[in-house]
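All chains are named by letter (A, B, ...) in the order of the sequence lines, taking the proteins before the strands, and each is independently numbered beginning at 1.
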2 protein chains.
Amino acid sequence: MIQTTSEENYLKTIFHHAGISNNAVSTNDIAASLGTKAASVTEMLKKLSTQKLIRYKKYNGVTLTDSGTKQALLIVRKHRLWEYFLVEKLKFSWDEIHEVAEQLEHIQSEVLVERLDSFLEHPRFDPHGDPIPDKKGVIKKSDSQKLIDVTEKKEAIVNLVTDQPELLRYLSKIGISIGSKLKVMEKNSFDQSMLLLINGKNKVQISSSIANNISVQL
Amino acid sequence: MIQTTSEENYLKTIFHHAGISNNAVSTNDIAASLGTKAASVTEMLKKLSTQKLIRYKKYNGVTLTDSGTKQALLIVRKHRLWEYFLVEKLKFSWDEIHEVAEQLEHIQSEVLVERLDSFLEHPRFDPHGDPIPDKKGVIKKSDSQKLIDVTEKKEAIVNLVTDQPELLRYLSKIGISIGSKLKVMEKNSFDQSMLLLINGKNKVQISSSIANNISVQL
DNA sequence: ATATAAATTTAGGCAAACCTAAAAAATAAT
DNA sequence: ATTATTTTTTAGGTTTGCCTAAATTTATAT
């Protein structure tokens with residue numbers, strides 16, 4: 001039942017790529033995310049498949065089984081709890097935590113996770129605003145949507161951003177953080193870029209790929 | 001400079017066996033502690049030797065270099081800080097913490113260790129009473145305690161003895177004086193007598209009344 | 001529809017860290 | 001001082017997770 005660090009990283013990556021609807025994920029996408037090569041991914045997929053953590057047919061991409069999803073959610077739970085700990089207790093800033101949380105998430109101890117959760121008083125969202133699955137792997141949904149889907153002239157409050165450090169640094173540089181008020185001034189219809197007014201002050205143009213990685217509440 | 005988990009475990013084990021005086025440690029002892037075989041140890045010793053972390057001559061045991069000692073102390077620092085965290089913040093009992101601390105000590109992040117240390121308010125001793133090295137690897141000596149209170153397998157340095165001439169004569173006869181290094185090999189639970197290893201050489205059995213009159217520092 | 005390109009898998013290798021069995025060196029015992 | 005025993009090292013394998021290069025399958029384009 002216990003996974004190696006490498007297996008855990010594969011499960012987590014598949015989970016993140018599959019999204020809520022558990023879409024099939026391609027070998028190449030996994031390789032790109034993990035910084036490995038496609039051949040290595042194929043190898044690992046076979047291994048995870050024999051453990052019934054994924055459904056894998058040659059050339060067809062993979063999906064997580066229920067068991068695999070559960071495992072992935074527990075890793076995500078650990079990652080986000082540790083992130084919360086790092087920011088709330090150890091006073092890390094949110095662009096410093098990713099690398100460390102990547103290591104901490106692999107510590108194997110169920111009791112540790114539950115004690116940590118209690119110590120932190122059962123936080124529901126990590127410092128990026130991402131929901132923390134409970135110990136059964138259940139994620140409570142927030143009624144947020146992607147910034148890219150927000151219609152023109154609407155105002156929204158930033159809810160969560162991905163934990164890619166570069167993106168986080170860029171966003172903080174242009175003045176976007178969790179809680180920022182964004183007003184969509186213009187949406188460029190052919191490249192999906194948008195002009196934002198941030199906290200009623202600064203105007204910034206952002207690309208669709210960035211807008212795609214910011215989640216907001218209206 | 002960064003060690004693998006395995007290399008770190010070897011360094012830590014050598015450190016613990018060598019004691020404060022950095023005695024040579026045997027291949028077999030390392031293998032026994034780590035649950036590996038002597039052949040595997042030999043292999044790793046070669047590797048650590050080329051990294052100048054240990055001094056290794058075939059068939060001669062190993063000692064840590066200054067660099068190796070420093071690395072070992074930093075691992076010990078991390079281990080003990082995490083143990084303190086687990087007990088003081090997460091309410092683990094002290095017999096639950098070892099396994100988890102064994103994992104946590106390998107997390108690679110200097111800033112994490114220093115922030116954890118601050119968060120815990122710079123504890124000087126872990127829950128077992130062992131001193132926590134500072135960030136430079138310096139161990140502050142604990143206050144002295146009675147030899148009879150030293151736990152099994154611990155090493156201590158003789159600090160002072162009472163001034164009863166008979167006792168002094170007896171002690172000098174069996175090779176114990178101020179500055180002697182004592183390792184508690186066995187504690188007999190019903191008469192409180194103990195078997196000591198003196199300066200890494202001679203084994204001596206002493207009664208509780210003698211152990212009660214020797215003061216040591218860890 | 002067939003050629004080209006892209007994605008994926010297979011085949012064969014490599015390094016780390018372990019193993020067993022046999023050889024060599026050091027230590028202990030007669 | 002030789003022999004016997006223990007310790008350590010060498011030699012040759014194994015597994016995990018990675019790699020490159022070549023083969024295969026699927027997708028794209030003319």
Side-chain angles (χ1 to χ4, degrees), chain A residues 1-14 17-18 23-64 68 71-72 75 102-103 105-108, chain B residues 1-14 17-18 23-64 68 71-72 75 102-103 105-106 108 197 200-203:
Chain A
M1 198 65 171
I2 285 173
Q3 264 54 67
T4 64
T5 293
S6 188
E7 287 171 322
E8 288 191 343
N9 283 332
Y10 276 89
L11 286 177
K12 198 181 50 150
T13 298
I14 295 165
H17 273 84
N23 307 311
V25 180
S26 76
T27 301
N28 260 0
D29 285 356
I30 297 169
S33 288
L34 290 173
T36 61
K37 294 303 165 71
S40 308
V41 174
T42 299
E43 227 174 59
M44 182 61 89
L45 294 184
K46 286 178 187 168
K47 196 178 168 195
L48 294 173
S49 184
T50 65
Q51 299 178 52
K52 302 257 162 76
L53 293 165
I54 60 172
R55 274 175 289 269
Y56 170 59
K57 252 194 282 185
K58 277 188 192 176
Y59 298 101
N60 254 66
V62 283
T63 56
L64 290 169
Q71 296 286 319
I75 301 159
E102 286 287 299
Q103 295 181 66
E105 73 188 4
H106 299 295
I107 303 291
Q108 303 282 172
Chain B
M1 198 67 170
I2 286 171
Q3 264 56 64
T4 65
T5 292
S6 189
E7 287 170 320
E8 289 191 341
N9 283 332
Y10 276 88
L11 287 178
K12 198 181 48 149
T13 297
I14 295 166
H17 275 82
N23 307 312
V25 180
S26 77
T27 302
N28 261 1
D29 284 355
I30 298 170
S33 288
L34 291 173
T36 61
K37 294 302 164 74
S40 307
V41 174
T42 300
E43 225 176 59
M44 181 61 89
L45 294 184
K46 288 179 187 166
K47 197 177 165 194
L48 294 173
S49 183
T50 65
Q51 296 175 248
K52 301 255 161 77
L53 293 166
I54 60 173
R55 274 175 289 269
Y56 170 59
K57 254 195 279 186
K58 278 187 193 178
Y59 298 99
N60 254 67
V62 283
T63 55
L64 290 170
Q71 297 287 319
I75 300 160
E102 286 287 299
Q103 295 181 63
E105 73 188 4
H106 299 294
Q108 303 282 173
L197 183 68
K201 285 180 224 149
N202 308 318
K203 285 185 188 167

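OP1 or OP2 of D:dT20 lies within a sub-4.0 Å distance of a side-chain N or O belonging to A:Lys37. Remark: B:Ser6 is in phosphate contact with C:dC18, judged by side-chain N or O atoms under 4.0 Å from OP1 or OP2. Using a 4.0 Å cut-off, no side-chain N or O of A:Tyr59 falls inside it from OP1 or OP2 of C:dT10. Within the 4.0 Å cut-off from OP1 or OP2 of C:dA6, not a single side-chain nitrogen or oxygen of A:Asn28 is found. Between A:Thr42 and the phosphate of C:dT10, there is no side-chain N or O to OP1/OP2 separation shorter than 4.0 Å. The side chain of A:Tyr56 places no N or O atom within less than 4.0 Å of a non-bridging phosphate oxygen (OP1 or OP2) of C:dT8. Between A:Thr27 and C:dT9 there is a side-chain polar atom (N or O) within less than 4.0 angstrom of OP1 or OP2.
Distance from the side chain of B:Ala39 is smallest for C:dA21 among the nucleotides C:dA17, C:dA21, D:dC18. The side chain of B:Lys47 has C:dA17 as its nearest neighbour among C:dT9, D:dC18, C:dA17. Comparing C:dC18, D:dT9, D:dT10 against the side chain of B:Ala38 picks out D:dT9 as the nearest.
Atoms CG (B:Asn9) and C1' (C:dA17) sit 12 Å apart, rounded to a whole Å. Distance CG (B:Asp29) to P (D:dT6): 16 Å, rounded to an integer number of Å. Taking atom CD of B:Glu43 as the reference point, atom C1' of D:dT15 lies 14 Å away to the nearest angstrom.
Residues A:Gly35 and B:Lys46 both approach DNA chain D. Their nearest nucleotides, taken by heavy-atom distance, put B:Lys46 toward the 5′ side.
Note on B:Gly61: nothing from the nucleic acid sits closer than 4.0 angstrom, heavy atoms only. Base engagement by A:Ser40 is indicated by at least one non-hydrogen atom pair under 4.0 Å involving a base atom.
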